[in-house]
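Only one structure is covered here, and it is reproduced in the block below.
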Amino acid sequence: NTNTNTNNLCQPCHSECEPSAGCSGPEASDCVACRHMRDSATGSCVPQCPSSSDGTATYVNPQDNSCQPCDAECAQGCTGPLSSQCTACRHQKNGAACVAACPPRATHGGADGTCLPCHELCTGGCHGPGPGNCTACRSAVQQGVCVSDCSVGFFPTTKNGALLCEACDPSCGHLGCGEAGASGCRHNDCSSTSCAAGFEVDEDCNCVECPLVQYQGSCKPTCPVGTFEDNNRVCQECHVECLNGCTGPTADDCVQCQHFQSNGTCVAQCNSHEFADGSNLCISCHPDCDTCTGPKNADCDSCYAVRYRGVCMQSCPNGTFPTHVDGQDVCGDCHPQCSNGCAGSLATDCETCRAVRFGDVCMDRCPLMTFALNGVCMNCSAQCAEGCAGSAANCVNGACLNFRLVDGSCVERCALNEYPDASGMCQTCHKSCSSGCVGPLASMCLNQLSTTERSSQSTATTAAATTPTSSSSEGKLGSANSADGDGSSSSSSSEPGGSSTGLVVFGVIVAVVVLVGLGYKFNVHSSLLTLFQRGRRYPSVSYTSLRDSDVFAP
């Protein structure tokens, strides 16, 4: 949960950044993912969604936890981007949707701001729910109220292009009248008279042709709501999806839709590639959506191709890989150490590495005891103690596991003609040394020590030959040592090189005394100790038979 500044120092991410995702800088807008939610207006991670700059409320998109603005007609918040998802309306409410104004010729605003449907006899809008609140009437107007037919005591007439129901003359009885004045009163009871379709009973109880339209066998001044006049002046039923009338028989001829409108046609529901807006219009989904609830590719319920962070896309973007989660094709994020794509979410799935590769794993830096070469972590020399830099042999701080050459290289052991000094650096033996040394002096050559050993062996042999007593005593001592050791009757002095142990120890003591006397303060402890231990462990091996690897082995 850190980022690297210009000085390559790791700095903490902003507190609103998701700890497991990291960041690219110190600001809340630098987060790779948010701890709570992201404000889509600023791109910053925030603890809760704020109101937008114009006062519009916002909501949390559950698909990507981003703060999205509510519809402009929403007041006091919302649950989604549509005008039908407002908590409250800023102006009017038409069905489930908030609108700036109620639709004309259909509804009026109630006392609580809700758009209510006009009366079915209204046309051209209204200012109240009753037939007396119509701006204009579909059929006739009787005393300021829309009616489908004139009542008894009124007769139909036309004035300024409108059908009006005028009151009969007061002298007319309950039969009413057919026209103005006393002469228009109906005097005959024609209730027993029936007429064929397209005809009606006149005032004289005669069947006459309907002057206007016919509906269900009766003459009408106009077709009622829900019907239309065909070419034969007969009222026919509108399509079942029509509301408040129509101009023809199909769902394309509706004045209004009973449910939804898709491309000018009234339908029971929008198709799978559409969504209904606040006015019940079916709008096409985004091209990347299969099904949706809004116009954006972030509003998809399902995608044609893949989904990435709540948004449908044609293909996965760079830095992601296609996968299948919960029955959906989605894009997963590559590991942060990947570059140029990946086959999975792990650091081992990268096409190429952002920094370096160690084995099959992409990493931000090479681990200890390796170094980067052309983006690949290579093993340091096995002789480096604290890792290396630039090359396998370039050990960090010149720290070697065993010994170091003058050029800085680390080695497992010094060469035959070298010895390690107190700092572990291999120094050249004295020029007179032919088979290695334990120090810088000529007296410390291994071949010099071997000569001393041979001289001692020669002296011991001469003394044994000229002094029988000593030889006898030696035999006795050897027998005693054998008896004390393994109970064998064979004398240890009779074995080849039986006195090698004593001679080697003697040579070592002489070398130490010489070094101390000369005041040299270099470390020969390792070689001398090895030599001493080899002499004790292998008493039958003479000093001269020791190999260089025995002396200088780590």
Side-chain angles (χ1 to χ4, degrees), residues 91-95 97 99-168 176-180 184 200 210-216 218-259 261 264-266 278-281:
H91 298 103
Q92 305 287 340
K93 186 172 184 179
N94 182 27
V99 294
C102 294
R105 300 187 305 277
T107 58
H108 78 282
D112 60 351
T114 301
C115 296
L116 301 175
C118 295
H119 193 274
E120 64 179 7
L121 294 176
C122 295
T123 182
C126 62
H127 53 83
N133 303 125
C134 303
T135 303
C137 297
R138 289 189 178 278
S139 53
V141 180
Q142 180 177 307
Q143 295 180 328
V145 178
C146 294
V147 294
S148 57
D149 294 306
C150 294
S151 303
V152 175
F154 293 84
F155 68 94
T157 186
T158 302
K159 185 177 182 180
N160 296 328
L163 186 63
L164 302 177
C165 293
E166 296 285 352
C168 294
C177 63
E179 59 185 21
E200 66 173 351
C210 290
L212 298 175
V213 296
Q214 183 182 19
Y215 175 65
Q216 295 181 348
S218 300
C219 293
K220 301 289 182 180
T222 185
C223 289
V225 175
T227 65
F228 69 96
E229 181 183 343
D230 66 9
N231 294 332
N232 298 319
R233 294 191 301 168
V234 177
C235 298
Q236 304 290 347
E237 297 292 333
C238 294
H239 191 276
V240 67
E241 286 298 327
C242 292
L243 178 66
N244 294 330
C246 61
T247 59
T250 70
D252 299 336
D253 301 321
C254 303
V255 174
Q256 281 184 292
C257 292
Q258 189 79 253
H259 298 104
Q261 185 183 52
T265 302
C266 292
S279 301
N280 287 341
L281 289 177

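Computation of the quantities below employed the complete heavy-atom set of this structure, encompassing side-chain atoms and omitting hydrogens, waters and symmetry-equivalent molecules. The model shown is predicted, which means the values in this text are computed figures rather than measured ones.
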query = Do the non-hydrogen side-chain atoms of C134 and T123 ever get within less than 4.5 Å of each other?
reply = no
ask   = Which heavy atom of V240 sits nearest a heavy atom of Q258, and at what distance?
value = O-NE2, 4.0 Å
Exam field: side chain T250 to backbone D252, donor-acceptor pair closer than 3.5 Å = yes
inquiry  = Regarding C242 and C266, I want to know if their SG-SG distance comes in below 2.5 Å, which is how I'm defining a disulfide.
reply    = no
ask   = If you take all heavy atoms of H91 and V99, which pair is closest and at what distance?
value = CB-O, 3.4 Å
Residues C168, C177; criterion disulfide bond (SG atoms under 2.5 Å apart); working and verdict = CA-CA 6 Å; C168 294; C177 63; 1.8 Å; yes
ask   = Quick check: does any side chain N or O of D230 sit under 3.5 Å from a backbone N or O of N232, one acting as donor and the other as acceptor?
value = yes
ask   = What's the spacing between R233 CZ and L212 CG if we round to 0.5 Å?
value = 7.5 Å
Minimum heavy-atom distance T157-E166, with the two atoms named = CG2-CG, 3.2 Å
inquiry  = Is it the case that the side chain of T135 and the backbone of G125 share a donor-acceptor pair, with hydrogens and angles ignored and the cut-off at 3.5 Å?
reply    = yes
Side chain to side chain contact (heavy atoms under 4.5 Å, CB included) between S139 and L121, intermediate numbers included = CA-CA 7 Å; S139 53; L121 294 176; 4.2 Å; yes
inquiry  = If we ignore hydrogens and angles and just use 3.5 Å, is the side chain of R138 paired with the main-chain N or O of T222 as donor and acceptor?
reply    = no
note = Rounded to the nearest 0.5 Å, the CG atom of N133 sits from the NE2 atom of H127 at a distance of 5.0 Å
message = Working note: C165 + C150, criterion disulfide bond (SG atoms under 2.5 Å apart); need CA distance, chi angles, decisive distance, verdict.
response = CA-CA 6 Å; C165 293; C150 294; 1.9 Å; yes
task = Report yes or no: is the SG-SG distance between C246 and C254 under 2.5 Å?
result = no
query = Taking C235 and C223, which are both Cys, do their SG atoms fall under 2.5 Å of each other?
reply = yes
task = Under the side chain to side chain contact (heavy atoms under 4.5 Å, CB included) rule, what do T227 and Y215 come out as? Steps first, then yes or no, please.
result = CA-CA 9 Å; T227 65; Y215 175 65; 3.6 Å; yes
key: Considering all heavy atoms, the nearest P221-L163 contact   = CB-CD2, 3.2 Å
query = When rounded to the nearest 0.5 angstrom, what distance separates CD in E241 from CG in D253?
reply = 13.5 Å
ask   = Looking only at heavy atoms, what is the nearest atom pair of F154 and Q143, with distance?
value = CZ-NE2, 3.5 Å
task = Return yes if some donor-acceptor pair links the side-chain N/O of Q142 with the main-chain N/O of S151 below 3.5 Å, else return no.
result = yes
request  = Would you mind reporting whether P103 and N94 have side-chain heavy atoms less than 4.5 Å apart?
outcome  = yes
task = Apply disulfide bond (SG atoms under 2.5 Å apart) to the pair C115 and C102, showing each step before the final yes or no.
result = CA-CA 6 Å; C115 296; C102 294; 2.0 Å; yes
